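Note: hydrogens, waters and symmetry copies are ignored here, and every other heavy atom, side chains too, is used. Please read these numbers as outputs of a predicted model, since none were measured by experiment. Throughout, numbering of the chain's residues begins at 1 and tracks the sequence.
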Amino acid sequence: MLLPKKTKYRKVRKGKNNGVATRGQYIAFGDYGLQSQSNELITGRQIEASRQAMTRHIDRGGKIWIRIFPHTPVTRKPLDVKMGSGKGNPEFFVAKVKAGTVLFEMKGVTESVAREAMRLAANKLPARTKFISKEQI
């Protein structure tokens with residue numbers, strides 16, 4: 001599961017996740033990519049599940065790049081705790097993904113295999129996604 005080795009602050013405020021991506025919105029390494037079409041918070045577990053689904057489908061062929069990383073901690077309060085008495089403890093980490101961000105890239109496989117692998121990965125994610133290739137850009 002992905003999580004940072006060290007963070008500057010233990011707890012982070014929620015903030016907003018509006019607008020479209022200004023960085024990471026193009027294919028940099030591979031030939032095919034999975035691009036987000038909506039603004040979402042994607043957990044480390046969801047990223048790992050997507051990666052496993054893609055890796056199993058392409059079995060020992062091609063290379064996969066993960067272009068997002070879960071830096072932001074999400075806090076939760078325990079069950080049956082009254083309101084107040086401060087913020088909860090960090091439970092997991094998320095990647096704040098904007099519309100247009102390339103989530104995964106793939107190289108060394110045919111387009112049909114890449115498309116199916118990306119479809120399997122997209123089913124594990126909360127965001128709406130789109131399959132893109134380097135020729136389209």
Side-chain angles (χ1 to χ4, degrees):
M1 194 168 67
L2 293 171
L3 58 116
K5 288 184 186 131
K6 189 174 157 185
T7 56
K8 190 169 182 180
Y9 299 107
R10 239 177 80 195
K11 300 174 183 179
V12 175
R13 290 185 178 169
K14 276 195 178 94
K16 299 277 190 283
N17 194 17
N18 303 335
V20 294
T22 55
R23 298 183 193 96
Q25 76 278 27
Y26 56 88
I27 295 177
F29 306 104
D31 295 328
Y32 308 106
L34 190 67
Q35 188 179 47
S36 170
Q37 298 296 100
S38 61
N39 299 334
E40 291 289 340
L41 299 178
I42 300 178
T43 68
R45 284 173 184 268
Q46 290 165 342
I47 296 167
E48 179 62 17
S50 298
R51 185 198 65 77
Q52 285 177 358
M54 282 192 293
T55 306
R56 284 195 183 117
H57 185 72
I58 64 169
D59 50 50
R60 285 173 292 157
K63 179 154 173 54
I64 295 171
W65 287 269
I66 303 171
R67 295 282 306 274
I68 54 173
F69 188 83
H71 291 289
T72 311
V74 173
T75 61
R76 292 268 162 90
K77 295 192 84 158
L79 286 171
D80 303 324
V81 173
K82 291 178 181 170
M83 296 286 283
S85 72
K87 193 170 181 173
N89 294 321
E91 293 292 314
F92 55 92
F93 289 86
V94 297
K96 288 183 175 178
V97 172
K98 290 181 178 285
T101 304
V102 175
L103 308 174
F104 299 101
E105 291 185 26
M106 197 178 288
K107 188 176 192 170
V109 292
T110 62
E111 184 174 349
S112 59
V113 171
R115 192 177 287 275
E116 179 60 19
M118 296 286 186
R119 186 190 67 78
L120 293 170
N123 288 336
K124 311 284 184 203
L125 298 172
R128 287 192 353 260
T129 57
K130 181 171 98 176
F131 179 83
I132 55 171
S133 63
K134 206 160 201 166
E135 295 88 51
Q136 292 174 350
I137 298 169

Visitor: Please answer whether the main-chain N or O of K87 pairs with a side-chain N or O of K11 as donor and acceptor at a distance below 3.5 Å.
Guide: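 Checking the backbone N and O of K87 against the side chain of K11, a donor-acceptor pair under 3.5 Å is found.
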
Visitor: Can you confirm whether R10 sits close enough to N89 that some side-chain heavy atom of one is under 4.5 Å from a side-chain heavy atom of the other?
Guide: yes

Visitor: If you round to the nearest 0.5 Å, how far is CD1 of I64 from CG of L34?
Guide: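 Here the interatomic distance stands at 11.0 Å.
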
Visitor: To check you understand the geometry: which heavy-atom pair defines the closest contact between L41 and K96, and what is its length?
Guide: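 Closest heavy-atom pair between L41 and K96: CD2-CG, 3.4 Å.
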
Visitor: Tell me whether K77 contacts the main-chain N or O of G84 through its side chain, where contact means a donor paired with an acceptor under 3.5 Å.
Guide: yes

Visitor: Can you check whether T43 reaches F93 side chain to side chain, under 4.5 Å on heavy atoms?
Guide: no

Visitor: Can you check whether R128's main-chain N or O pairs, donor with acceptor, with S38's side chain at less than 3.5 Å?
Guide: yes

Visitor: Can any side-chain N or O of N39 pair as donor or acceptor with the backbone N or O of V20 at less than 3.5 Å?
Guide: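 No.
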
Visitor: Locate the shortest heavy-atom distance separating I132 from Q35; write the atom from each residue and the value.
Guide: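 Closest approach of I132 to Q35: CG2-OE1, 3.8 Å.
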
Visitor: Find the distance between CZ (R13) and OG1 (T72) and round it off to the nearest 0.5 Å.
Guide: 14.5 Å

Visitor: Grab the two heavy atoms, one from M1 and one from G44, that are nearest each other, plus how far apart they are.
Guide: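 Heavy atoms of M1 and G44 come nearest at CG-C, 4.1 Å.
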
Visitor: Please name the pair of heavy atoms, one in M118 and one in F104, separated by the smallest distance, quoted to 0.1 Å.
Guide: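 Heavy atoms of M118 and F104 come nearest at CE-O, 4.0 Å.
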
Visitor: Which of these passes side-chain contact (heavy atoms from CB on, under 4.5 Å) with F29: K63, E105, K134?
Guide: E105

Visitor: Give, for atom OH of Y32 and atom CZ of R115, the distance between the pair rounded to the nearest 0.5 Å.
Guide: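 It is 9.0 Å, given to the nearest 0.5 Å.
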
Visitor: Determine the minimum heavy-atom distance between V109 and M106, stating which atoms define it.
Guide: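 In this case the closest contact between V109 and M106 is CG2-SD, 3.6 Å.
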
Visitor: Could you check whether any side-chain heavy atom of T7 comes within less than 4.5 Å of a side-chain heavy atom of H71, counting everything from C-beta outward?
Guide: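 Side-chain contact under 4.5 Å: no.
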
Visitor: Do V94 and V102 share a hydrophobic cluster (ILVMFWY, side-chain heavy atoms under 4.5 Å, transitive)?
Guide: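 No; tracing contacts between hydrophobic side chains, which count when under 4.5 Å, never links both residues.
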
Visitor: Is the closest basic N to carboxylate O distance between E116 and R119 below 4.0 Å?
Guide: yes

Visitor: For residues S133 and D31, determine if any side-chain heavy atom of one lies less than 4.5 Å from a side-chain heavy atom of the other.
Guide: no

Visitor: Does F69 reach the side chain of P4, with side-chain heavy atoms less than 4.5 Å apart?
Guide: yes

Visitor: Does any part of the side chain of R45, heavy atoms only, come nearer than 4.5 Å to the side chain of F92, both counted from C-beta?
Guide: no

Visitor: Are V74 and L125 grouped together when hydrophobic residues (ILVMFWY) are joined by side-chain heavy atoms under 4.5 angstrom apart?
Guide: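 V74 does not cluster with L125.
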
Visitor: Could you check whether any side-chain heavy atom of L103 comes within less than 4.5 Å of a side-chain heavy atom of R67, counting everything from C-beta outward?
Guide: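 No, too far: nothing below the 4.5 Å cut-off.
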
Visitor: Taking all atoms of both residues into account, what is the closest heavy-atom pair of I27 and G33, and its distance?
Guide: CD1-N, 3.8 Å

Visitor: Using a 4.5 Å cut-off on heavy atoms from C-beta on, say whether the side chain of M54 contacts that of L120.
Guide: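 They are not in contact (no side-chain heavy atoms under 4.5 Å apart), so the answer is no.
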
Visitor: CD of E48 to CG of L2: how many Å apart, nearest 0.5 Å?
Guide: 6.5 Å

Visitor: Would you kindly confirm whether W65 and I47 end up in one hydrophobic cluster when ILVMFWY residues are joined by side chain heavy atoms under 4.5 Å apart?
Guide: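 As far as the 4.5 Å side-chain criterion goes, I47 and W65 are not connected within one cluster.
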
Visitor: Check the hydrophobic clustering (I, L, V, M, F, W, Y; side-chain heavy atoms under 4.5 Å; chains of links allowed) and say if F131 and I58 are grouped together.
Guide: yes

Visitor: Strictly distance-based, threshold 3.5 Å: is any side-chain N or O of K130 a donor or acceptor partner for the main-chain N or O of S36?
Guide: no

